[in-house]
Chemist: 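I have a structure here, written as structure tokens, and I will follow up with some questions on it.
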Amino acid sequence: EPSVEEARFDALIAADSRVEPRDWMPDAYRRTLIRQISQHAHSEIIGMQPEGNWITRAPSLKRKAILMAKVQDEAGHGLYLYSAAQTLGITRDEMTDQLIAGTAKYSSIFNYPTPTWADMGAIGWLVDGAAICNQVPLCRASYGPYGRAMVRICKEESFHQRQGFEILLTLMQGTPAQREMAQDAVNRWYWPSLMMFGPPDDQSPNSAQSTAWKIKRFSNDELRQRFIGMLVPQAAALRIELPDPNLRWNEDAQRYDTSEIDWTEFFEVLAGRGPMNAERLRARREAHEDGAWVRDAAAEYARKQSLRAVA
Ligand code: FAQ
């Protein structure tokens with residue numbers, strides 16, 4: 001026999017209504033949301049690094065201004081998401097400590113290097129493209145603060161994806177060396193971008209419960225398929241090749257056939273052994289330490305303001 005609160009929670013979920021911070025919720029629902037939202041926030045913050053790497057070397061003033069705006073948007077996304085997670089009872093400090101200590105997960109995709117300018121195009125097109133496919137359904141996630149944060153984030157991701165596409169388009173209309181650079185970047189980012197959707201459905205321990213709670217609306221493999229379907233015509237427009245010789249539409253199965261994803265690589269990256277994991281954490285720790293004086297100054301300012309309020 002469920003308690004009155006539990007029955008009310010179940011009814012909210014069944015009615016496709018929103019759960020709000022002050023509503024009663026099962027502990028496991030709260031924990032799952034803290035896990036997913038904090039991982040998502042960390043991804044945005046760590047995700048500033050691969051592109052931040054090119055701000056000083058963008059090929060024109062206009063490209064530099066666009067890239068700076070994009071990287072700032074990512075910081076903003078991280079902040080909305082940390083705020084959404086805080087409504088569930090975890091503090092920003094706790095989340096930061098977990099990230100700095102290396103115990104928190106963040107998206108596998110940000111553990112790959114960005115050796116060329118074309119990587120800025122491939123990240124926008126593929127990484128932001130995958131982020132949109134995954135996050136549009138999250139706008140309807142059952143937890144109110146998360147779903148609402150997603151609405152604005154998705155609008156900004158759409159702009160990010162267009163700017164990536166446009167970088168690649170410009171390169172593909174350039175010299176043979178520029179076309180080669182664009183193709184090489186897509187070759188390197190394509191498979192990791194497919195891994196962003198998470199493990200295959202039969203190896204996804206959280207999916208069943210998160211779907212029942214209407215946090216997830218589609219499975220990892222369904223969203224991966226939807227993403228491939230979005231890429232195929234765009235790749236044709238770019239005249240760029242997706243690096244999978246077995247990629248073709250299967251009319252009978254009504255899905256794309258693909259080569260096998262290298263899940264060993266995915267799990268290696270999750271275990272901290274991707275090409276850039278150590279460097280990403282090192283840079284994050286250093287930035288946190290370098291920012292200590294800002295936090296101290298802000299705390300001191302708040303202390304003085306509160307004294308003034310009393311006086
Ligand atoms: N990387 O049972 P499931 C962006 C973990 S977009 C690392 O299927 P779930 C925008 C998973 O956490 C990127 N870990 O898990 C941007 C779980 O581990 P746990 C961020 C992964 O949660 C663009 C375990 O594997 N987006 O930042 C990954 O039901 C450009 C088992 O997996 C989001 O976070 C992975 N790829 O489904 C920024 C979206 N995949 O926690 C800058 C929100 C799975 O049990 C530049 N998150 N794992 O220890 C989600 O939609 C879900 O959490 C999934 C995973 C779909 C990622």
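For clarity, every value in this text was computed on a predicted model and none was experimentally measured. Both ligands and their constituent atoms are indexed starting at 1 by order of listing.
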Chemist: Do the side chain of Gln72 and the main chain of Ala69 share a donor and acceptor less than 3.5 angstrom apart?
Modeler: no

Chemist: With a 4.0 Å cut-off on heavy atoms, does Glu51 reach ligand 1?
Modeler: yes

Chemist: Can you report which non-hydrogen protein atom sits closest to atom 36 (N) of ligand 1, along with the distance?
Modeler: Ser108 OG, 3.1 Å

Chemist: Is it the case that over 12 heavy atoms from other parts of the model lie below 6.0 angstrom from the CZ atom of Arg295?
Modeler: yes

Chemist: Ligand 1 versus Asn220, non-hydrogen atoms closer than 4.0 Å: side chain, backbone, both, neither?
Modeler: side chain

Chemist: Considering distance alone, does some N or O of Ser204 sit under 3.5 Å from an N or O of ligand 1?
Modeler: yes

Chemist: Give a yes or no on whether atom 54 (C) of ligand 1 lies under 4.0 Å from any heavy atom of the protein.
Modeler: no

Chemist: Decide whether the shortest distance between a heavy atom of His160 and an atom of ligand 1 is less than 4.0 Å.
Modeler: no

Chemist: Identify the protein heavy atom lying closest to atom 40 (N) of ligand 1, giving its residue, its atom name and the separation to 0.1 Å.
Modeler: Gly198 CA, 3.2 Å

Chemist: Give yes or no for whether the N/O distance cutoff of 3.5 Å, strictly under, is met between Gln39 and ligand 1.
Modeler: yes

Chemist: Below 3.5 angstrom, do we get any N/O pair linking Glu74 and ligand 1?
Modeler: no

Chemist: Select one of side chain, backbone, both or neither to describe which atoms of Phe266 lie under 4.0 Å from any atom of ligand 1, heavy atoms only.
Modeler: side chain

Chemist: Is Phe218 touching ligand 1 with its side chain, its backbone, both, or neither, if touching means heavy atoms under 4.0 Å apart?
Modeler: neither

Chemist: I need the contact type for Ser107 against ligand 1. Using non-hydrogen atoms and a strict under-4.0 Å cut-off, is it side chain, backbone, both or neither?
Modeler: both

Chemist: Measuring from Gln178:CD to Gln183:CD, what's the distance to the nearest 0.5 Å?
Modeler: 14.5 Å

Chemist: Return the orientation label for the Phe9 and Tyr29 ring planes: parallel under 30°, perpendicular over 60°, tilted otherwise.
Modeler: perpendicular

Chemist: Ring centroid separation for His42 and Tyr82, is it under 6.0 angstrom?
Modeler: yes

Chemist: Using a heavy-atom cut-off of under 4.0 Å, does the side chain or the backbone of Phe197 touch ligand 1, or both, or neither?
Modeler: backbone

Chemist: Could you tell me whether Asn206 and ligand 1 have an N or O pair separated by under 3.5 Å?
Modeler: yes

Chemist: Below the 3.5 angstrom mark, is there an N/O of Asp128, backbone or side chain, next to an N/O of ligand 1?
Modeler: no

Chemist: At under 4.0 Å between heavy atoms, is it the side chain or the backbone of Leu270 that contacts ligand 1, or both, or neither?
Modeler: side chain

Chemist: Taking the non-hydrogen atoms of Lys216, is any one of them nearer than 4.0 angstrom to ligand 1?
Modeler: yes

Chemist: Arg35 versus ligand 1: do any nitrogen or oxygen atoms come within less than 3.5 Å of each other?
Modeler: yes

Chemist: Within the distance-only criterion (no hydrogens, no angle test), does the side chain of Thr114 pair as donor or acceptor with the backbone N or O of Pro50 below 3.5 angstrom?
Modeler: yes

Chemist: Taking N or O atoms only and a 3.5 Å limit, does Pro199 qualify as a polar contact for ligand 1?
Modeler: no

Chemist: Measuring from the heavy atoms of Ser210, does anything fall under 4.0 Å of ligand 1?
Modeler: no

Chemist: Identify the heavy atoms of Asn246 and Ser259 that sit nearest to each other, and give their distance.
Modeler: ND2-OG, 2.8 Å

Chemist: If the contact criterion is a heavy-atom separation under 4.0 Å, does Tyr146 count as touching ligand 1?
Modeler: yes

Chemist: Check the orientation of Trp263 and Phe266. Use parallel for under 30°, tilted for 30 to 60°, and perpendicular for over 60°.
Modeler: perpendicular

Chemist: So for ligand 1, is Glu157 a polar contact partner (N or O within less than 3.5 Å, distance only)?
Modeler: no

Chemist: Considering only heavy atoms, does Asn134 approach ligand 1 within less than 4.0 Å through its side chain, its backbone, both, or neither?
Modeler: side chain

Chemist: Between Arg217 and Pro137, what is the shortest heavy-atom contact and its length?
Modeler: CG-O, 3.8 Å

Chemist: Hey, quick one: are Leu169 and Leu171 part of the same hydrophobic cluster, counting side-chain heavy atoms closer than 4.5 Å, chains of contacts allowed?
Modeler: yes

Chemist: Inspect the surroundings of CD in Glu166 and state if more than 12 heavy atoms from other residues, nucleotides or ligands are less than 6.0 Å away.
Modeler: yes

Chemist: Taking the six-membered ring of Phe218 (Phe, Tyr or Trp), confirm whether the NZ or CZ of Arg226 is under 6.0 Å from its centre and within 45° of its axis.
Modeler: yes

Chemist: Identify the closest protein heavy atom to atom 57 (C) of ligand 1: which residue and atom is it, and at what distance?
Modeler: Met196 O, 4.0 Å

